[in-house]
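Numbers for residues simply follow the sequence, beginning at 1. As the structure is a computational prediction, the values presented were derived from the model and not from experiment.
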Amino acid sequence: MDLFEDLTGSLNDWQVWSDLMAMMACSLSNAFDCNEKRIKDREKEYSESEKRLGGNEIPAKIFVVVTQALERNPDQDFLGKMYMNLGLGSHWKGQFFTPFNLSQLMAEIDFQKDKVDQEIKKHGWASVNDPSCGAGSTLIAAASSLRRQKINYQQSVAFIGNDIDRVTAQMCYIQLALLGCPGYVVVTDTLVNPVTGPVIQPDEKETQEFWYTPMWWSDIWTGRRFMHHIFHNRHTEERTAEP
């Protein structure tokens with residue numbers, strides 16, 4: 001909070017927070033994503049945000065604070081709590097994030113080990129989706145529940161989040177990335193412009209913005225996407241060859 005106040009001064013609190021999230025998200029994304037257009041766009045966004053904030057010294061310190069906070073206690077929605085403490089929820093007319101303890105309760109009810117193990121045994125992996133993810137409270141709680149049940153979510157579970165608010169979607173992405181959750185967060189209106197296609201290889205529409213976590217590019221998930229691509233093409237060729 002003190003570091004954030006050092007940045008604000010005469011600047012608008014919302015713009016400062018928005019630029020901070022952009023710098024963190026773009027740094028994480030460009031370290032792993034190989035899509036040339038996304039890399040170019042996010043390099044530009046990072047530079048513009050850095051210029052507005054007067055450099056990267058304090059943003060880098062804040063990034064360290066966020067990283068250490070989630071390392072010390074991964075069972076929390078750290079950015080969501082800071083967002084609400086700063087009173088930034090009013091930007092979206094009363095936006096309010098789900099309290100983390102409530103997210104934990106829902107995760108304990110929904111993610112029962114037998115059910116998750118069955119899904120993993122059937123498909124090789126399972127997935128969890130929050131169509132209005134905010135800063136990621138529900139997805140973080142899901143990871144927490146899976147970890148307590150000794151389920152290796154980094155290898156066996158894909159985490160998918162969607163949100164119409166780009167800044168909060170970036171917050172969710174940052175936290176999932178730092179917690180080692182494989183998956184992606186999409187900036188979109190889930191009701192009128194839902195994500196389509198297979199979970200493992202979604203359709204990337206021009207009207208949607210995809211943020212893939214670092215763990216999504218790990219060997220095991222890259223291999224799964226490759227095998228899905230091979231199987232899908234073979235299946236399509238077989239259907240085309242039918243008389």
Could you walk me through whether Met171 and Val167 pass the side chain to side chain contact (heavy atoms under 4.5 Å, CB included) test, one step at a time?
CA-CA 6 Å; Met171 292 161 60; Val167 175; 4.3 Å; yes
Checking the side chain of Gln155 only, and the main-chain atoms of Ile220 only, is there a donor and an acceptor separated by less than 3.5 Å?
no
If hydrophobic clusters are built from ILVMFWY residues whose side chains come within less than 4.5 Å, do Ile174 and Met1 share one?
yes
Distance-only donor-acceptor hits, side chain of residues 19-30, under 3.5 Å, sequence neighbours excluded:
| from | atom 1 | to | atom 2 | distance (Å) |
| --- | --- | --- | --- | --- |
| Asp19 | OD1 | Gln15 | NE2 | 3.1 |
| Asp19 | OD1 | Ser49 | OG | 3.1 |
| Asp19 | OD1 | Arg52 | NE | 3.2 |
| Asp19 | OD1 | Arg52 | NH2 | 2.7 |
| Asp19 | OD2 | Gln15 | NE2 | 3.2 |
| Asp19 | OD2 | Arg52 | NE | 3.0 |
| Ser27 | OG | Met23 | O | 2.8 |
| Ser29 | OG | Arg42 | NH1 | 2.8 |
| Asn30 | ND2 | Ile39 | O | 3.2 |

Sort out for me which residue in Arg38, Lys51, Arg166 forms a salt bridge (Lys or Arg N to Asp or Glu O under 4.0 Å) with Glu45.
Arg166
Ring pair (Phe, Tyr, Trp, His ring centres under 6.0 Å): which pairs involve residues 20-64, sequence neighbours left out?
none
Non-hydrogen side-chain atoms of Leu139 and Cys172 separated by less than 4.5 Å
yes
Report yes if the side chains of Leu79 and Thr168 come closer than 4.5 Å at any heavy-atom pair, otherwise no.
no
For the hydrophobic clusters of this structure (ILVMFWY residues joined by side-chain heavy atoms under 4.5 Å, transitively), does one cluster hold both Phe111 and Val199?
no
Between Gln154 and Met215 (side chain of the first, backbone of the second, donor and acceptor by atom type, cut-off under 3.5 Å), is there such a pair?
no
Within one Ile-Leu-Val-Met-Phe-Trp-Tyr cluster: Leu88 and Val16, side-chain cutoff 4.5 Å
yes
Minimum-distance pair of heavy atoms, taken over all atoms of Ala107 and Ala141
CB-O, 3.6 Å
Residue pairs, two or more places apart or on separate chains, that pass salt bridge (Lys or Arg N to Asp or Glu O under 4.0 Å) and touch residues 170-194:
none
Which heavy-atom pair separates Phe4 from Asp13 by the least distance, and what is that distance?
CZ-O, 3.5 Å
Would a single hydrophobic cluster contain both Ile164 and Val192, if residues Ile, Leu, Val, Met, Phe, Trp and Tyr are joined by side-chain heavy-atom contacts under 4.5 Å?
no
Looking just at side-chain N and O atoms, do Thr188 and Asn162 make a donor-acceptor pair shorter than 3.5 Å?
no
So which atom in Leu179 and which in Tyr153 form the shortest heavy-atom distance, rounded to 0.1 Å?
O-OH, 3.0 Å
Is the number of heavy atoms from other residues, nucleotides or ligands under 6.0 Å of Glu204 CD greater than 12?
yes
For a quick test of reading the model, state the closest non-hydrogen atom pair linking Ser18 to Gln170 and the distance between them.
O-OE1, 4.4 Å
Between Ile140 and Phe78, is there a side-chain heavy-atom distance shorter than 4.5 Å?
no
Could you check whether any side-chain N or O of Lys115 sits under 3.5 Å from a backbone N or O of Asp110, counting only pairs where one atom can act as donor and the other as acceptor?
yes
Rounded distance [0.5 Å steps], CG in Leu146 versus OG in Ser156:
9.0 Å
Any ring pair (Phe, Tyr, Trp, His ring centres under 6.0 Å) pairs touching residues 160-206, not counting sequence neighbours?
Tyr173-Trp211, Tyr184-Phe210, Tyr184-Tyr212, Tyr184-Trp216
Say whether, by atom type as modelled, one donor and one acceptor occur between the side chain of Asp77 and the main chain of Gly80 under 3.5 angstrom.
yes
List the atom of Gly180, the atom of Pro182, and the distance in Å for their closest heavy-atom pair.
O-CD, 3.5 Å
Sub-4.5 Å side-chain heavy-atom contact between Thr213 and Val185:
no
Pairs under 3.5 angstrom only: tabulate donor-acceptor contacts from the side chains of residues 69-76 to other protein residues two or more places apart or in another chain.
| from | atom 1 | to | atom 2 | distance (Å) |
| --- | --- | --- | --- | --- |
| Asn73 | OD1 | Asp75 | N | 3.1 |
| Asp75 | OD1 | Ser144 | OG | 2.7 |
| Asp75 | OD1 | Arg147 | NH2 | 2.4 |
| Gln76 | NE2 | Ala69 | O | 3.0 |
| Gln76 | NE2 | Asn73 | O | 3.1 |

Lys113: which residues meet the salt bridge (charged side-chain N to carboxylate O under 4.0 Å, His left out) condition with it, sequence neighbours left out?
Asp117
Could you tell me if the side chain of Leu178 sits less than 4.5 Å from the side chain of Val66, heavy atoms only?
yes
May I ask you to test the Trp125-Val157 pair for a side-chain heavy-atom distance under 4.5 Å?
no
Heavy atoms only: give me the nearest Glu119-Ala126 pair and the separation to one decimal.
CG-CB, 3.7 Å
Interatomic spacing from OG1 in Thr138 to CD in Gln104 - rounded to 0.5 Å
11.0 Å
Would you say the side-chain atoms of Asp163 pair up with the backbone N or O of Gly134, donor to acceptor, closer than 3.5 Å?
yes
Counting distance only, does the side-chain N/O of Lys205 pair as donor-acceptor with the main-chain N or O of Pro194 below 3.5 Å?
yes
Flag the pair Ile160 / Asp130 as yes when at least one side-chain heavy-atom distance between them is below 4.5 Å, and no otherwise.
no
For Ala142, does its backbone N or O pair with a side-chain atom of Ser145 as donor and acceptor, under 3.5 Å?
no
So do Asn85 and Met82 actually touch side chain to side chain, heavy atoms under 4.5 Å?
yes
Rounded to the nearest 0.5 Å, what's the gap from CG on Leu86 to CE on Met84? Could you check?
10.0 Å
dist Met227:CE -> Ile200:CD1 (nearest 0.5 Å) comes out at 12.0 Å
From CA spacing to verdict: side chain to side chain contact (heavy atoms under 4.5 Å, CB included), Val195, Asn129
CA-CA 11 Å; Val195 177; Asn129 179 284; over 6 Å; no
State plainly whether one hydrophobic cluster holds both Leu176 and Trp221, where clusters connect Ile, Leu, Val, Met, Phe, Trp and Tyr through side-chain heavy atoms under 4.5 angstrom apart.
no
How long is the straight-line distance from CD of Glu57 back to CG of Leu3, given to the nearest 0.5 Å?
10.0 Å
Roughly how far, to the nearest 0.5 Å, is CG of Asp6 from CG of Asp2?
7.0 Å
Test item: side-chain donor near acceptor, Thr222 and Arg225, under 3.5 Å:
yes
Apply side chain to side chain contact (heavy atoms under 4.5 Å, CB included) to the pair Glu209 and Val186, showing each step before the final yes or no.
CA-CA 5 Å; Glu209 183 180 357; Val186 188; 5.9 Å; no
